[in-house]
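Working notes, structure below.
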Amino acid sequence: MNAYKEKLRTRINLISFAAAAAALVYVVLTIYREQLPVLPSFIKGFHIGAFIGFELFAVWYLVRCMKARKNEAEMKKMFIEENDERTGLIIRNASTLGISVVLIGLAVAAIISGFFSATVFFSLMGSLLFVLIVFYALWVYYASKL
Amino acid sequence: MKTRIAELRKQHKLSQEELGLAVGVTRQTITSLEVGKYTASLVLAYKIAKYFELTIEEVFDFSDMEELE
């Protein structure tokens, strides 16, 4: 459990850093908003929502990790939840099916969009290529690791 | 896969949560094992059998697999 305790400490530091960095970036972008392109209100709302959501999640997760580090029983429970083999299998199965659906969906959407808009077509093709590259890179990584 | 986990757990007066904690899995995993929806890994099967001081074959029923051979 000591190794996991250390892992939690690293996680707490990383999440604190990410939350502080996100807040800093958001504040800087808000200060210089007038120099940035004018965006539709929906996008501004999305930015605010995403930022608040991330910060709330970070605080919630930080509190959870800190509490677990102080309480051995809580830490063991958290460790079990994270390392449960059935949960791992569920995630693997969902990911395998999910990536297939995403790849097929993107490919079909890219083909259909090609008849209507070049911008959408290239955006979707770019996304498809990115997903394929990430998938292949991870495949090669795990093939050499396992 | 059929198992004797539920029966052994009751004999030892253990809850699913307690057995899960002892072998390092969640209560839901123990439930799935007991109803035969999930097949344990070799490591988990070993941990469960060791916990009850039995062999893996005494806890897990491999007859379905033997029929396939």
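Below, chains carry the letters A, B, ... as their sequence lines are ordered, and counting in each starts from 1.
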Problem - side-chain contact (heavy atoms from CB on, under 4.5 Å) between B:T31 and B:Y38, intermediate numbers included - result: CA-CA 9 Å; B:T31 309; B:Y38 174 67; over 6 Å; no
Exercise for the section: Specify the closest pair of heavy atoms between A:L8 and A:A68, including all atoms of both residues, with the distance to one decimal. Expected result: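 Nearest heavy atoms, A:L8 then A:A68: CD1-CB, 4.2 Å.
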Other residues, nucleotides, ligands: >12 heavy atoms within 6.0 Å of [X] [atom1]:
X	atom1	answer
B:E53	CD	no
A:K67	NZ	no
A:R11	CZ	yes

Exercise for the section: Apply salt bridge (charged side-chain N to carboxylate O under 4.0 Å, His left out) to A:K77 and A:E74, showing your working. Expected result: CA-CA 5 Å; A:K77 205 176 163 193; A:E74 191 84 17; 6.0 Å; no
Practice task
Take B:L8 and B:L14 through the side-chain contact (heavy atoms from CB on, under 4.5 Å) test and state the conclusion after the steps.
Solution key: CA-CA 9 Å; B:L8 293 164; B:L14 280 170; over 6 Å; no
Practice task
Residue by residue, scan residues 20-27 of chain B and write down, ordered by number, those that have a heavy-atom distance under 4.5 Å to chain A; if none do, write 'none'.
Solution key: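 Within residues 20-27 of chain B, the residues that come under 4.5 Å of chain A (heavy atoms only) are B:G20, B:L21, B:G24, B:V25, B:T26.
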Handout entry: Interface moiety of B:S41 toward chain A, non-hydrogen atoms closer than 4.5 Å
Key =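 Both backbone and side chain of B:S41 come within 4.5 Å of chain A.
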Problem - All pairs passing ring-ring contact (aromatic ring centres under 6.0 Å, His included) where residues 40-69 of chain A contributes a residue, at least two apart - result: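 Listed by first then second residue: A:Y26-A:F51, A:F57-A:W60, A:F57-A:Y61.
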Handout entry: Pairs meeting criterion ring-ring contact (aromatic ring centres under 6.0 Å, His included) with involvement of residues 95-139 of chain A, two or more places apart
Key =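 As it turns out, the ring-ring contact (aromatic ring centres under 6.0 Å, His included) pairs with a partner in residues 95-139 of chain A, which skip direct neighbours, are A:F135-A:W139.
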Problem - B:E17 and B:R9 ion-paired at < 4.0 Å - result: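 Judged by the 4.0 Å cut-off on N to carboxylate O distance, B:E17 and B:R9 do not form a salt bridge.
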Exercise for the section: Select all residues of residues 82-101 of chain A having any heavy atom within less than 4.5 Å of some heavy atom of chain B, and report them by number, or 'none'. Expected result: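 Within residues 82-101 of chain A, the residues under 4.5 Å from chain B are A:D84, A:E85, A:R86, A:L89.
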